[in-house]
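Step one of this worksheet: look at the structure below.
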Amino acid sequence: MSDYLKSTPNREGFFGNYGGAMLPPPLEPHFAEIRAAYDKLSKSADFLHELRYIRKHFQGRPTPISYLKNLSELAGGAQIYAKREDLNHTGAHKLNHCMAEGLLAKFMGKTKLIAETGAGQHGVALATAAAYFGLECEIHMGEVDMAKEAPNVTRMKLLGATVVPVGEGAKTLKEAVDSAFGSYIGQADHALFGIGSVVGPHPFPMMVRDFQKVVGMESREQFLEMTGELPDIVAACVGGGSNAMGLFSGFINDEDVALYGVEPMGTSSKLGDHAATLTYGVDGAIHGFATKVLLDENGEPAPVNTLASGLDYPGVGPEHAHLQSTGRVTYTSADDKESLKAFYELSRREGIIPALESAHALAFAMREAKNHVGKSILINLSGRGDKDIDFVTETYGFGE
Ligand SMILES: *Cc1c(COP(=O)(O)O)cnc(C)c1O
């Protein structure tokens, strides 16, 4: 098989039929500047050297792989392993691309990072990068989310970011995206938009994949060293799809490794009850790129629902829509209930409290283990669950 990562996307940013860049005219020159800068920097020894230094000495990479012995015994069948992105600085994989976006801004001579945030995880990671590089940081957040996720608002402010409350519409993520983009259009000469996943117009899906690739590259080497073999199955949860693309990148050329993306099935398969875009979506466009989307009866992005707010998006990264269409990756789902069970089990039996997002990948592994006796499953533990403990225990108690 030829090198998949080198051959995708094409010059226009398409992964098969998905991706591209549908931009408002005022942003076109700024995206051309970002593309040109990244073309150059992705081959620059100075850029790559500084990024490697940051990974090791600031983020604490490489993160380990843990063998989940007790959970494997409980599930029965396959041996389950976890890539520990919960141990990455700030507690999730998001810092991998935020630090690289900050470095890109610095090399481009920009002085500011702008973005939206939903639950605040992306805002905190980007504010961390801004503090490190001495950049200004402006994070747009819906007022409903600000009330729900107050500790993350405090974190962003401590890190020196300006948090812009968004009071339009439902006052959540979609309005925050619109607000952040509006603000960015007026400041694009000195600011960089820090997109939070493998989504958005080209070149962001490609760049964020490149920045997250470190997860997969480390994992392949570590797993071989631990077991002498490659994993049989590799799985990750899919919101926008960045932690999944990061892990998959390490194994995508290994045809014998089965790749699974796990979407949130929320409370049921009825539209509005889940955020399983690849499972139930149709071809369409959202936020400037072509992909699968969940649409309502009026053709507008549908309301979505899941316990894990980091997975709450009616679109998905274009590369995942492509990998679904080629069959290289299988997309499946886990619902709120089984993800919550996995959250409690990992905490109780392994001493690791996972993010609710990551618990979806774990739920898949525990369900599938019995169908793969003697095989191995590697999941991405994309983040730690500290942010979720109050919500989970206040709503559901402490598990059985
Ligand atoms: C944001 C987030 C996700 C979902 O984002 P992807 O781009 O799909 O990876 C998953 N896990 C954690 C811990 C997150 O914070």
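- No donor-acceptor contact under 3.5 angstrom links the side chains of E138 and T162, judged on distance only.
- For the pair H322/N17, no side-chain contact is recorded, criterion being any heavy-atom separation below 4.5 Å from C-beta on.
- Looking only at distances, no side-chain donor or acceptor of N243 sits under 3.5 Å from a matching main-chain atom of A236.
- For the pair N305 (side chain) and D273 (backbone), a donor-acceptor distance under 3.5 Å is present.
- Cluster annotation: Y260 and M366 are assigned to the same hydrophobic cluster (Ile/Leu/Val/Met/Phe/Trp/Tyr, side-chain heavy-atom contacts under 4.5 Å, transitive).
- In this view, V304 and A275, L294, D312, P314 satisfy the side chain to side chain contact (heavy atoms under 4.5 Å, CB included) rule, not counting sequence neighbours.
- A donor-acceptor contact closer than 3.5 angstrom links the side chains of S382 and S358.
- Looking only at side-chain heavy atoms (C-beta outward), R155 and L158 stay at 4.5 Å or farther from each other.
- Judged purely by distance below 3.5 Å, without hydrogens or angles, the side chains of H320 and Y331 pair a donor atom with an acceptor atom.
- Between Y38 atom OH and L104 atom CG the span is 8.5 Å, to the nearest 0.5 Å.
- K387 has a carboxylate O that lies under 4.0 Å from a charged side-chain N of E357, or vice versa, which qualifies the two as a salt bridge.
- With 3.5 Å as the limit, one finds no donor-acceptor pair spanning the side chains of E101 and H97.
- Salt bridge E50/K106: present, at least one basic N to carboxylate O contact under 4.0 Å.
- E116 and S179 share no donor-acceptor pair across their side chains, judged by distance under 3.5 Å alone.
- Judged purely by atom type and a 3.5 angstrom limit, D335 uses its side chain to pair as donor or acceptor with the backbone of E338.
- Counting only distance, with no hydrogens or angles, the side chain of T154 and the backbone of A150 share a donor-acceptor pair below 3.5 Å.
- No donor-acceptor pair under 3.5 Å is formed between the side chain of E319 and the backbone N or O of V198.
- Using a 4.5 Å cut-off on side-chain heavy atoms (C-beta onward), R209 and P205 make no contact.
- Contact annotation: the side chain of D283 approaches that of K292 to within less than 4.5 Å [non-hydrogen atoms, C-beta and beyond].
- Distance alone, capped at 3.5 Å, places no donor-acceptor pair between the N298 side chain and the E300 backbone.
- Taking the six-membered ring for Trp and the full ring otherwise, H274 and Y280 have centroids separated by under 6.0 Å.
- One distance of note links CG of D336 with OG1 of T267; it measures 6.0 Å at 0.5 Å rounding.
- Checked by atom type and distance alone, the side chain of N10 pairs as donor or acceptor with a backbone atom of G13 at under 3.5 Å.
- The shortest heavy-atom contact between T117 and A176 is O-CB, 4.2 Å.
- Aromatic ring pairs are classed by plane angle as parallel below 30°, tilted from 30° to 60° and perpendicular above 60°; the pair Y53 and H57 is tilted.
- One distance of note links CD of E229 with CG of L224; it measures 9.0 Å at 0.5 Å rounding.
- With hydrogens and angles left out, the side-chain atoms of Y67 and Q79 include a donor and acceptor closer than 3.5 Å.
- A salt bridge is defined here as a Lys NZ or Arg NE, NH1 or NH2 lying under 4.0 Å from an Asp or Glu carboxylate O, and K171 with E175 fails to meet this definition.
- With contacts defined as side-chain heavy-atom distances shorter than 4.5 Å, the pair Y344/V392 qualifies.
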Distance-only donor-acceptor pairs under 3.5 Å for side chains of residues 22-35, two or more places apart:
{"residue": "E33", "atom": "OE1", "partner": "K110", "partner atom": "NZ", "Å": "3.2"}
{"residue": "E33", "atom": "OE2", "partner": "K110", "partner atom": "NZ", "Å": "3.3"}

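- At least one side-chain heavy atom of H190 sits under 4.5 Å from a side-chain heavy atom of T111.
- The backbone N or O of K94 lies less than 3.5 Å from no partner atom in the side chain of Q121, so there is not a single donor-acceptor pair.
- No side-chain heavy atom of N96 sits under 4.5 Å from any side-chain heavy atom of F211.
- A donor and an acceptor atom, one from each side chain of K112 and Q187, are located under 3.5 Å apart.
- The two residues A235 and L247 come nearest to each other via the heavy atoms O-CD2, 3.7 Å.
- Residues L381 and K83 have side chains not in contact (no heavy-atom distance under 4.5 Å, counting atoms from C-beta outward).
- Neither side chain, T63 nor R84, offers a donor N or O lying under 3.5 Å from an acceptor on the other.
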K148 vs D390, test: salt bridge (charged side-chain N to carboxylate O under 4.0 Å, His left out). Steps then yes/no. CA-CA 11 Å; K148 251 165 73 179; D390 290 340; over 6 Å; no
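- Shown here are the side chain to side chain contact (heavy atoms under 4.5 Å, CB included) partners of D256, two or more places apart in sequence or in another chain: there are none.
- Judged by distance alone, the side chains of R367 and T332 do bring a donor and an acceptor atom under 3.5 Å apart.
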